[in-house]
Engineer: 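One structure follows; several queries about it will come next.
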Amino acid sequence: MSKETIRVPDIGSSDPVDVIEVSVKKGDSVEAEDTIVVLESDKASLEVPCPKAGTVLELKVKAGDQVKEGDPLLELDVAGEDGGEADIAAEAAPTEESVADEQAGRSDFSRENDSADNDSADAAPAPKGGTRTVPAPDLGDIDEAEIIEINVAEGDSVEAEQTILVIESDKASLEVPCPEAGTVKKLLVKVGDKIGTGTDLLELETAGGGQSDGSAGEEKSSDKGASEKPAAKKEASEKAASKQDGAAKSSGSRKSDLDEKPSEAGRQNVPPETPERSQGKPSASVHAGPAVRKLARETGIDLADVAPSGPKERILKEDVHALIKQRLENPPVAAGGGAPDLPEIDFSEFGPVERQELNKLRKVAARNLHRSWVTIPHVTQFDEADITELEAFRKSQNKALEKEGVKLTMLAFLVKACANALREFPRFNSSLEVSGEALIMKDYVHIGIAVDTPNGLVVPVIRDADKKGLKEIALEMGELAGKARDRKLSPADMKGATFSISSLGGIGGTAFTPIVNWPEVAILGVSRSDTKPVWDGKAFQPRLTLPLSLSYDHRVIDGADAARFTSYLSQLLSDMRRALL
Ligand code: CAO
C-alpha cells in the first residue's frame, strides 16, 4: 500500500475558494481523472480530478470548506503501488465556466482578476447592421467539440451575450454566446455536429438590415467566446440554461440536461424561465458541473427534475442518484397511469388544415401543466365571497388614488387576503419534498399572479405580500402586469412563489379548476363577480358575489382544510377589517 495525500492544485490565485462538492467518499475506488472535488470561486468553478487510481482512505475536506493551493483534499491508497507516503497535487480540470478562460490561456481562478486585458475584444466595434456569419470561438487546444444544444431557432431575436448553442468536449461544456444582438437568419449547424475553432454557426441579421461582410463581427465573435469576462460568462450560462430546453425540444435533440429549474416557478403552470425563453433573456439556471450533466445525460435524467442539495442550489451527483433511486422505487405516474401513446391523425383527410407551431412559452407550459396534472392529485374547492362592501370601498378609494397613479384592483385585495390566509393556514404555503416524506414550510409569503399575455401565460411574483399594504401591492401588480405584457419581466420577477392566484374575473365565467403550479400546493382561481339575490333571513338582498375556486394538492391538504381556507378567505373579503385582527 502506498498512501498519498492529494492536495489542491495550482488554482492560480492565493485566495481561498469554496469546496462546493465532494464527489467521492471514504472507501470509494477512484480511477485516475475521476473528479474528486469541485471548487468554486465567485466567478468560476473547477473540477479537480484524481491524479491516480486508488481507494479513498480519508477525506480532508467537506462541502462548504474553503481551501487554497496545497491544502490536503484526501488521502489515497494508490492502486498497485507499495510503500511510503507521498504528497501529490491534483491537476484541475475545467468546468464549463472555466473553459472560456482556458481558451484565453488561463485555466484557473486567476482569470477573475484579469479581465481588463480582454476588454478590447469585447469592445470591438460591431458592424452597423447587415448579415454576418457567427463562427465558433477559439476553442484553445480542444480540436473538436460536439454541439449538444442549440438554443435559438431561425427567426429568433437574440441579444448580445445570449447563448446560441452549447458545445461539449471530453471534459467540459461551453456555452457559446452571441457576439451581438440580431435575428437568426439561418442556422448552419445542428445538434450532434462536431465543430472546431471558427466553424460557421449561424447567419445573423444585425440591427440595421442590409448586407455586410461580417468579418469584423466574426473576429469579435471568436474573440468574444475566447475571452469573455467571467461575469458575462456567468450570465451567458444562465441564459443558456434558460433557453436550451425549448431549443432542444424544437430541434428534436437529446433530452435537455441544462434545463431550467422550475421548482421555484412563480407562475401558473409555466416555469419562470419560460417567458425569458421566448424573449431571449437570462433566466433561472440549473447549477451543475459537466460531470453531473454527463451523468444526467447518460441516465436520461432531466436536470430540471432534480432537487439540488449543493451550495448555491448546485446539483450534485448524489442528487441525480437520489432521483434515479426514487424513480426506481416509485415509478412516475406516467409509467403506470400516464397518457397512453396517441396515434398520429391526418386531419387533412377530413378537410383543409393548417399546422401552427407552438411558441416556446406554450410548449414548456404544456410540459409543466402535464407534469403538475399527472403528479398532483388535484381537488378544487368552490366558494363565494360577498364583496359588496369591499367593491364600494374599492371604488371610493380609487377616486382619490387615481391622482397618485394607483389603480386599486380587486386582485390587490385578493393578494392581501390570500397572504393573510396563508399565514393563518401555513400548509397552503408549503411544498412537498420530492421524496414525499416531508413538507417544506416557508416563512415567507410570495404570491404569483397569472398574467395573460399575447405570447402566453406568465406568473410574476409579489414578494412578501403579507408585509405590504394594498397600495403597494396594487402598484407593484400594475408594474409587473405591464412588464409581463411588454416581455420585460426579469427571472427574479418570476421566482419563488409560494402560492398563485389566477383571476379570470375581468373576462368572465362562474368557476374553473386551475392547475396547481408545482412546487406550490394550492392555487386560487377567481371568476367574475355578479350581483346575486342572497337570503338574509327575511328577504333576498342583492349582493355582489365573487366566485372562488381553490385547487389544491390533496397529498398535502385535506378537504376540510381547503373548506376552512376558502371560508376564511370569503369572510375576510366580506369584511377586510378582519385582516387587522
Ligand atoms: N369580477 C368582475 N369584474 C372584474 C373582476 C372580477 N372578479 N376582476 C376584474 N374585473 C374587472 C376590473 O374591475 C376591470 O374593470 P374596470 O376597468 O372597469 O375597472 C376589468 O375587469 C379588467 O380587469 P383586469 O383584468 O385588467 O385587471 P385585474 O386586476 O382584475 O387583473 C390580470 C389583472 C393581470 C390578472 C389580468 O389582466 C389577467 O391577465 N388575467 C388573466 C389571467 C389568466 O389568464 N389566468 C388563467 C390561468 S389558468 O390557465
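Just so you know, ligand 1 is whichever comes first in the structure, and atom 1 is the first atom listed for that ligand. Small disclaimer: the values here were computed from a predicted structure and weren't measured.
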Engineer: Within the 4.0 Å heavy-atom shell around K407, which atoms of ligand 1 are there?
Structural biologist: 16 (P), 17 (O), 19 (O)
Engineer: For ligand 1, indicate whether the residue M410 contacts it via side chain, backbone, both or neither (heavy-atom separation under 4.0 Å).
Structural biologist: neither
Engineer: In terms of side-chain geometry, is the basic nitrogen of R371 or D302 positioned less than 4.0 Å from the acidic oxygen of its partner?
Structural biologist: no
Engineer: Are S527 and ligand 1 in contact, using a heavy-atom cut-off of under 4.0 Å?
Structural biologist: yes
Engineer: Answer yes if the side chains of T388 and D386 hold a donor-acceptor pair under 3.5 Å, and no otherwise.
Structural biologist: yes
Engineer: Any atoms of ligand 1 less than 4.0 Å from a non-hydrogen atom of L546? List them with their elements.
Structural biologist: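 Ligand 1 atoms under the 4.0 Å threshold to L546: 7 (N).
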Engineer: Under 4.0 Å from a heavy atom of S529: give me the atoms of ligand 1 that qualify, with their elements.
Structural biologist: 1 (N), 2 (C), 6 (C), 7 (N)
Engineer: So does R555 pair up with D553, basic N to acidic O under 4.0 Å?
Structural biologist: yes
Engineer: Using every non-hydrogen atom in the two residues, find where L361 and G456 come nearest and quote the distance to one decimal.
Structural biologist: CD2-CA, 3.4 Å
Engineer: Can you sort out which atoms of ligand 1 are near R485, meaning under 4.0 Å from one of its heavy atoms?
Structural biologist: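 Checking each atom against R485, I get 34 (C), 36 (C), 37 (O), 38 (C), 39 (O).
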Engineer: Taking 4.0 angstrom as the limit and counting only heavy atoms of V451, give me the atoms of ligand 1 inside it, by number and element.
Structural biologist: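 Per the distance check, 34 (C), 39 (O).
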Engineer: Test of understanding: given a 4.0 Å heavy-atom threshold, classify the contact between T409 and ligand 1 as side chain, backbone, both, or neither.
Structural biologist: side chain
Engineer: The test is side-chain contact (heavy atoms from CB on, under 4.5 Å); show your working for L439 and R427 and say whether it passes.
Structural biologist: CA-CA 8 Å; L439 285 184; R427 273 175 100 88; 3.7 Å; yes
Engineer: Are K185 and D156 close enough for a salt bridge, meaning some N to O gap below 4.0 Å?
Structural biologist: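 Salt bridge flag = no for D156 with K185.
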Engineer: So does K186 pair up with E205, basic N to acidic O under 4.0 Å?
Structural biologist: no
Engineer: Heavy atom to atom 13 (O) of ligand 1, shortest distance: which of K395, M477, R394 holds it?
Structural biologist: R394
Engineer: Out of G506, G482, A412, who gets a non-hydrogen atom closest to atom 22 (C) of ligand 1?
Structural biologist: G506
Engineer: Determine the minimum heavy-atom distance between A497 and G448, stating which atoms define it.
Structural biologist: CB-N, 3.8 Å
Engineer: Once you restrict to heavy atoms under 4.0 Å, what part of L504 touches ligand 1? Side chain, backbone, both or neither.
Structural biologist: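 It is the side chain that gets close, since no backbone atom is under 4.0 Å.
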Engineer: Assess the side chains of E520 and S500: does a donor N or O sit below 3.5 Å from an acceptor N or O?
Structural biologist: yes
Engineer: Can you sort out which atoms of ligand 1 are near S503, meaning under 4.0 Å from one of its heavy atoms?
Structural biologist: 40 (N), 41 (C), 42 (C)
Engineer: Evaluating non-hydrogen atoms only, which member of S502, G525, G505 is closest to atom 3 (N) of ligand 1?
Structural biologist: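 The option holding the nearest heavy atom is G505.
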Engineer: Within the 4.0 Å heavy-atom shell around L411, which atoms of ligand 1 are there?
Structural biologist: 29 (O), 31 (O), 33 (C), 35 (C)
